[in-house]
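Please read through the structure below; I'll follow up with questions.
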Amino acid sequence: MGVHLRGMKTSPSPSFPRGRLVALIAAGLVLLLLAGVGIYGLILGPRTTNTPAPDSVPSPSHTPTTPGPSSLRLPVVPRSADPETFARNVAEAIFAWNTTSALTPLDYTAAILDVGDPSGTEQAGLASDLATYLPTREAWIELRKHETRQHLTINQTVVPEAWADAVAQAQPGQIAPGTTAFTIEGTRHRDGLWNGEPVSSEHPVSFTVFIVCAPAYPTCHLLRLSQLDNPLR
């Protein structure tokens, strides 16, 4: 049985022909969340254009290092049956990338989709969510010129009250057992080269990950992401 969040309209999510493995979240809960909880980011989905920050994309000044075969190691999101551990693993994976490797944003996206909704129902929506967290192809090309790398330091991981309230008010069967949400607050770190000199920047970020764990599945899976910097509280 699989949690179906398409009614929340985070982004277009065409149904997949595979059987659904998690129970659907009813339309009534969607209205409840929209009217009583105010999760605007999840309802409309990420809409932030992820262009490189001015402090992260200086004017081209040198020829970037050519990625070698040793840099082709594909990223992997560590699996876990513990909800909070998995939420933290996902959060760190979303922000961990390195333009000096031979990888592209699609490679990082694929690694996260690999731990997505097993039923396939939410995969298209999740891919759309991730597109706003990772650099675009054009931005990646610019960032690669400066050997830009990024990672996330997590400061806090909490189950938002808005989600707890929604679960408390939901009717039986509206939310699949093991479905939860974690709001992540942390710091995005970037470093690279500017005019041949090392530079770095930090920026606070916050977002919510929606996951499903046991008893629906032996290990946790990622369903959707809120709008970046517009999490559930």
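The first residue in the sequence is number 1, and the count goes up from there. These values consider heavy atoms only, across backbone and side chains, with no hydrogens, waters or symmetry-generated copies. Keep in mind it's a predicted model, so treat the numbers as computed, not measured.
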Apply side chain to side chain contact (heavy atoms under 4.5 Å, CB included) to the pair V212 and Y217, showing each step before the final yes or no.
CA-CA 7 Å; V212 59; Y217 298 102; 3.8 Å; yes
Test item: F210 and L126 side chains (from C-beta on) under 4.5 Å apart, heavy atoms
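F210 does not reach L126 side chain to side chain.
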Let me confirm one number: the CD1-OG1 distance from I184 to T157, rounded to the nearest 0.5 Å.
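Going from CD1 on I184 over to OG1 on T157, the span is 4.0 Å.
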Using 0.5 Å steps for rounding, measure from the OG1 atom of T180 to the CG atom of L223.
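Taking OG1 in T180 and CG in L223, the distance rounds to 10.5 Å.
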What verdict does the side chain to side chain contact (heavy atoms under 4.5 Å, CB included) test give for L222 and F86, after you've listed the backbone C-alpha separation in whole Å, the side-chain angles of each residue and the deciding distance to 0.1 Å?
CA-CA 9 Å; L222 176 63; F86 179 72; 4.3 Å; yes
Would you compute the distance between atom CD of Q150 and atom NE2 of H203 and round it to the nearest 0.5 angstrom?
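Atom-to-atom, Q150:CD and H203:NE2 are 10.5 Å apart.
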Stepwise, does the side-chain hydrogen bond (donor to acceptor under 3.5 Å, both in side chains) test hold for D117 with S119?
CA-CA 5 Å; D117 178 13; S119 75; 2.8 Å; yes
Trace of the side chain to side chain contact (heavy atoms under 4.5 Å, CB included) decision for L152 with I94:
CA-CA 9 Å; L152 177 71; I94 291 171; over 6 Å; no
Could you give all pairs that pass the disulfide bond (SG atoms under 2.5 Å apart) test and reach residues 161-233, with sequence neighbours left out?
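Output for this query lists C213-C220.
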Could you give the distance from CZ (R144) to CG (L103), rounded to the nearest 0.5 Å?
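Between R144 CZ and L103 CG, I get 8.5 Å after rounding to 0.5 Å.
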Exercise: identify the closest heavy-atom pair between I154 and A91:
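Nearest heavy atoms, I154 then A91: CD1-CB, 4.1 Å.
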Within-4.5 Å side-chain heavy-atom neighbours: T208 and F182
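No. Closest side-chain heavy atoms not under 4.5 Å.
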Using a 4.5 Å cut-off on heavy atoms from C-beta on, say whether the side chain of P160 contacts that of R233.
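R233 vs P160: side chains apart.
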Run the side-chain hydrogen bond (donor to acceptor under 3.5 Å, both in side chains) check on T153 and T187 step by step: do they pass?
CA-CA 5 Å; T153 299; T187 302; over 6 Å; no
Determine whether P135 and W97 make a side-chain contact, defined as any pair of heavy atoms from C-beta on separated by less than 4.5 Å.
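With C-beta onward as the side chain, the pair touches.
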Name all residues meeting the salt bridge (Lys or Arg N to Asp or Glu O under 4.0 Å) criterion together with R149; count only those two or more places apart in sequence or in a different chain, and write none if there are none.
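By the salt bridge (Lys or Arg N to Asp or Glu O under 4.0 Å) rule, R149 matches D191.
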State, yes or no, whether a side-chain contact exists between T219 and V115 at a heavy-atom distance under 4.5 Å.
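Counting from C-beta outward, T219 and V115 never come under 4.5 Å.
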Can you list every pair that meets salt bridge (Lys or Arg N to Asp or Glu O under 4.0 Å) and has a residue in residues 83-97, with sequence neighbours left out?
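Salt bridge (Lys or Arg N to Asp or Glu O under 4.0 Å) check on residues 83-97 returns no pairs.
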Give the minimum heavy-atom separation between A170 and I175, together with the two atoms involved.
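Residues A170 and I175, closest heavy atoms: CB-CD1, 4.0 Å.
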Mind checking what makes ring-ring contact (aromatic ring centres under 6.0 Å, His included) contact with H189, not counting sequence neighbours?
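For H189 the ring-ring contact (aromatic ring centres under 6.0 Å, His included) partners, ignoring immediate neighbours, are H151.
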Which heavy-atom pair separates A111 from P75 by the least distance, and what is that distance?
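Answer, listing the atom of A111 first, then P75: CB-O, 3.3 Å.
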Measure centre to centre between the rings of Y133 and Y108, then say whether the value is under 6.0 Å.
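So the answer is no for these two rings.
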Heavy-atom check, side chain of P83 versus side chain of I211, under 4.5 Å
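In short, these two side chains touch, coming nearer than 4.5 Å.
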Pairs where residues 85-144 contributes a residue and the test disulfide bond (SG atoms under 2.5 Å apart) is met, not counting sequence neighbours
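Residue pairs with at least one partner in residues 85-144: there are none.
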Show, in sequence, the C-alpha distance, side-chain angles and deciding distance for T132 and L228, and conclude whether the side chain to side chain contact (heavy atoms under 4.5 Å, CB included) test is met.
CA-CA 8 Å; T132 67; L228 182 60; 5.6 Å; no
Among residues at least two apart in sequence or on other chains, which ones pass salt bridge (Lys or Arg N to Asp or Glu O under 4.0 Å) with D229?
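If we apply the salt bridge (Lys or Arg N to Asp or Glu O under 4.0 Å) test to D229, skipping adjacent residues, there are no hits.
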Hey, could you give me the CG/OG1 distance between D114 and T109, rounded to the nearest 0.5 Å?
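Rounded to the nearest 0.5 Å, the CG-OG1 separation comes out at 12.5 Å.
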Is a side-chain donor or acceptor of D107 paired with a backbone partner of T104 at a separation under 3.5 angstrom?
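At least one qualifying donor-acceptor pair exists.
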Taking all heavy atoms of A93 and all of V77, pick out the closest pair and write down the distance.
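Closest pair (atom of A93, atom of V77, distance): CB-CG2, 3.6 Å.
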Measure the shortest side-chain to side-chain distance between R190 and L143 over non-hydrogen atoms and say whether it is less than 4.5 angstrom.
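The answer is yes; the side chains approach within 4.5 Å.
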How many angstroms lie between atom NZ of K145 and atom CG of L193, to the nearest 0.5 angstrom?
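Nearest 0.5 Å value for the NZ-CG distance: 14.5 Å.
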Closest approach of G116 to Q123 (non-hydrogen atoms, all atoms of both residues):
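Here G116 and Q123 meet closest at CA-OE1, 3.4 Å.
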